[in-house]
Asker: 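Questions regarding the structure given below will be posed in turn.
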Amino acid sequence: MMINLTDMKTVRSILGRHGFHFSKKLGQNFLIDPSVCPRIAEEGNAAAGYGVLEIGPGIGTLTQQLALRAEKVTSVELDQRLLPILEETVGEFENLHILHGDILQFDVPQLLEQEFAGLHVAVCANLPYYITTPILMHLLESGANIDSITVMVQKEVAEKLQAPVGTRNSGAITAAVNYYGTVEMLFTVPRDSFLPPPNVDSAVIRIDVQKRYADQTRDPQHFFSMLKHGFSQRRKTLVNALSATMHYEKPVLLEALHAMELPETVRMENLTMEQLVELSNRLSGATAEKV
Ligand SMILES: C[S@@+](CC[C@H](N)C(=O)[O-])C[C@H]1O[C@@H](n2cnc3c(N)ncnc32)[C@H](O)[C@@H]1O
């Protein structure tokens with residue numbers, strides 16, 4: 001019989017028997033709300049024909065719900081102390097493979113090929129918040145064939161990710177993620193859904209991966225470099241920010257803005273996705289980048 005990992009008494013007893021103490025450093029806040037994990041699994045494409053990559057299974061609460069629905073689940077956990085606990089809580093699932101390691105050190109396309117050949121692939125996770133952006137970029141930049149990424153993140157990060165590019169709330173990460181897909185905020189999750197409760201609110205988002213701007217971008221490396229530099233000085237005008245950080249001559253930048261019928265005072269955060277791609281195409285074609 002499946003262990004009820006949303007029952008506080010059961011969870012405390014398992015953790016106590018293994019002498020487990022939560023690591024704040026590893027972002028360990030485990031889900032104990034029975035309604036949340038089934039919802040993530042369902043919204044996250046955990047279904048027949050799908051291989052699901054889970055990042056950070058913890059004690060296996062979401063893992064159970066994924067393994068009940070998906071063809072195969074592979075979960076990567078960094079904290080070695082959780083491996084014997086996972087053996088006890090989810091060891092019975094024959095379609096589950098637990099790997100020990102840091103997700104950022106894995107070659108994602110190779111991992112997916114090895115684990116999920118012939119299956120559609122989805123990523124589902126309650127992410128460790130201290131590395132939300134590196135994990136999302138690691139998955140997306142890898143070019144791996146992933147249909148969707150459904151993850152719990154800090155609520156502020158979810159709001160930033162789903163803000164339309166070109167509005168005040170958006171940032172470099174918004175544009176970077178939109179480059180690869182569309183972002184939808186699915187639902188919010190209160191602090192008391194976790195053990196221990198984090199000191200921030202959370203939300204589940206889904207990124208449907210489409211690589212929609214990849215074909216239109218002349219030099220993706222330039223595009224991402226421009227995002228990084230332009231948004232690092234977002235209070236400055238785009239001309240001042242990019243001349244200071246990427247060492248473009250101001251007339252080159254002004255010429256691009258005039259050609260795009262944009263005001264000289266425009267800031268990076270004012271540009272839409274299409275305008276960011278066009279600007280990068282014009283600059284990467286017009287002149288050599290020195291940084
Ligand atoms: C927020 S907890 C989620 C646990 C579980 N999925 C749940 O929802 O209850 C994040 C998990 O990610 C693990 N973790 C932290 N950094 C990691 C990394 N770089 N690679 C893989 N797992 C990591 C932590 O040890 C922890 O188990």
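We count ligands from 1, going down the list as the structure has it; atoms in each ligand are counted the same way.
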Asker: State, with a plain yes or no, whether a side-chain heavy atom of His229 is found less than 4.5 Å away from one of Tyr248.
Answerer: no
Asker: List the closest protein heavy-atom neighbour of atom 20 (N) of ligand 1: residue, atom name, distance to the nearest 0.1 Å.
Answerer: Ile103 N, 3.1 Å
Asker: I need the atoms of ligand 1 closer than 4.0 Å to a non-hydrogen atom of Ile131, numbered in the order shown.
Answerer: 19 (N)
Asker: Please write down residue, atom name and distance for the protein heavy atom closest to atom 4 (C) of ligand 1.
Answerer: Gly56 O, 3.4 Å
Asker: Look at atom CZ of Arg212 and say whether more than 12 heavy atoms of other residues, nucleotides or ligands are closer to it than 6.0 Å.
Answerer: yes
Asker: Counting only heavy atoms not in His138 (residues, nucleotides, ligands), do more than 12 fall under 6.0 Å from its NE2?
Answerer: yes
Asker: Using a 4.0 Å cutoff against the non-hydrogen atoms of Gln28, which atoms of ligand 1 qualify?
Answerer: 24 (C), 25 (O), 26 (C)
Asker: What about Leu62: any of its N or O atoms under 3.5 Å from an N or O on ligand 1?
Answerer: no
Asker: Side chain, backbone, both or neither: which applies to Leu82 and ligand 1 if a contact is any heavy-atom pair less than 4.0 Å apart?
Answerer: side chain
Asker: Can you pull out the closest protein heavy atom to atom 23 (C) of ligand 1? Residue, atom name and distance to 0.1 Å, please.
Answerer: Leu78 CB, 3.7 Å
Asker: Which atoms of ligand 1 have any heavy atom of Glu54 under 4.0 Å away?
Answerer: 6 (N)
Asker: Side-chain contact, heavy-atom cut-off 4.5 Å: Phe93 with Met2?
Answerer: yes
Asker: Which of the numbered atoms in ligand 1 are under 4.0 angstrom from any heavy atom belonging to Gly101?
Answerer: 20 (N), 21 (C)
Asker: Is Asn29 close enough to touch ligand 1? Criterion: a residue heavy atom under 4.0 Å from a ligand atom.
Answerer: yes
Asker: What is the closest protein heavy atom to atom 5 (C) of ligand 1, and at what distance does it sit?
Answerer: Pro57 O, 3.2 Å
Asker: Applying a heavy-atom cut-off of 4.0 Å, say which part of Tyr129 lies close to ligand 1: side chain, backbone, both or neither.
Answerer: neither
Asker: Around atom 25 (O) of ligand 1, find the nearest protein heavy atom and jot down its residue, atom name and distance.
Answerer: Glu77 OE2, 2.6 Å
Asker: Step through the shown structure and confirm whether more than 12 heavy atoms of other residues, nucleotides or ligands are within 6.0 Å of CD on Glu255.
Answerer: no
Asker: Which option wins on minimum heavy-atom distance to atom 1 (C) of ligand 1: Ser23, Ala125, Gly27?
Answerer: Gly27
Asker: Would you mind checking which non-hydrogen protein atom is closest to atom 15 (C) of ligand 1, with the distance to 0.1 Å?
Answerer: Leu26 O, 3.3 Å
Asker: Please could you name the atoms of ligand 1 that Leu31 approaches to less than 4.0 Å, counting only its heavy atoms?
Answerer: 7 (C), 8 (O), 9 (O)
Asker: Is Phe194 near ligand 1, meaning one of its heavy atoms is under 4.0 Å from it?
Answerer: no
Asker: Just which atoms of ligand 1 are under 4.0 Å from any heavy atom in Val76?
Answerer: 21 (C), 22 (N)
Asker: At less than 4.0 angstrom from any non-hydrogen atom of Phe30, what atoms of ligand 1 do you find?
Answerer: 4 (C), 9 (O), 27 (O)
Asker: Is there side-chain contact between Val204 and Met152, with heavy atoms separated by less than 4.5 Å?
Answerer: yes
Asker: Is there a side chain to side chain donor-acceptor pair (under 3.5 Å) between His97 and Thr74? Walk through the geometry before answering.
Answerer: CA-CA 5 Å; His97 186 196; Thr74 297; 4.7 Å; no
Asker: Nearest protein heavy-atom contact for atom 19 (N) of ligand 1: which residue, which atom, what distance?
Answerer: Asp102 OD1, 2.8 Å
Asker: Distance to 0.1 Å, residue and atom name: give those for the protein heavy atom nearest to atom 8 (O) of ligand 1.
Answerer: Asn126 ND2, 2.8 Å
Asker: So is Leu127 in contact with ligand 1, going by heavy-atom distances below 4.0 Å?
Answerer: yes
Asker: Would you call Arg218 and Arg282 a side-chain contact if the rule is heavy atoms closer than 4.5 Å?
Answerer: no
Asker: Counting only heavy atoms from other residues, nucleotides and ligands, does the tally under 6.0 Å from CG of Asp107 exceed 12?
Answerer: yes
Asker: Is the number of heavy atoms from other residues, nucleotides or ligands within 6.0 Å of CD (Glu113) greater than 12?
Answerer: no
Asker: Do the ring centers of Phe223 and Tyr213 come within less than 6.0 Å of each other?
Answerer: no
Asker: Do Ile40 and Phe187 touch side chain to side chain, with heavy atoms closer than 4.5 Å?
Answerer: yes
Asker: Side chain to side chain donor-acceptor pair (under 3.5 Å) for Glu54 and Thr63? Distances and angles first, verdict last.
Answerer: CA-CA 7 Å; Glu54 185 193 15; Thr63 321; 2.7 Å; yes
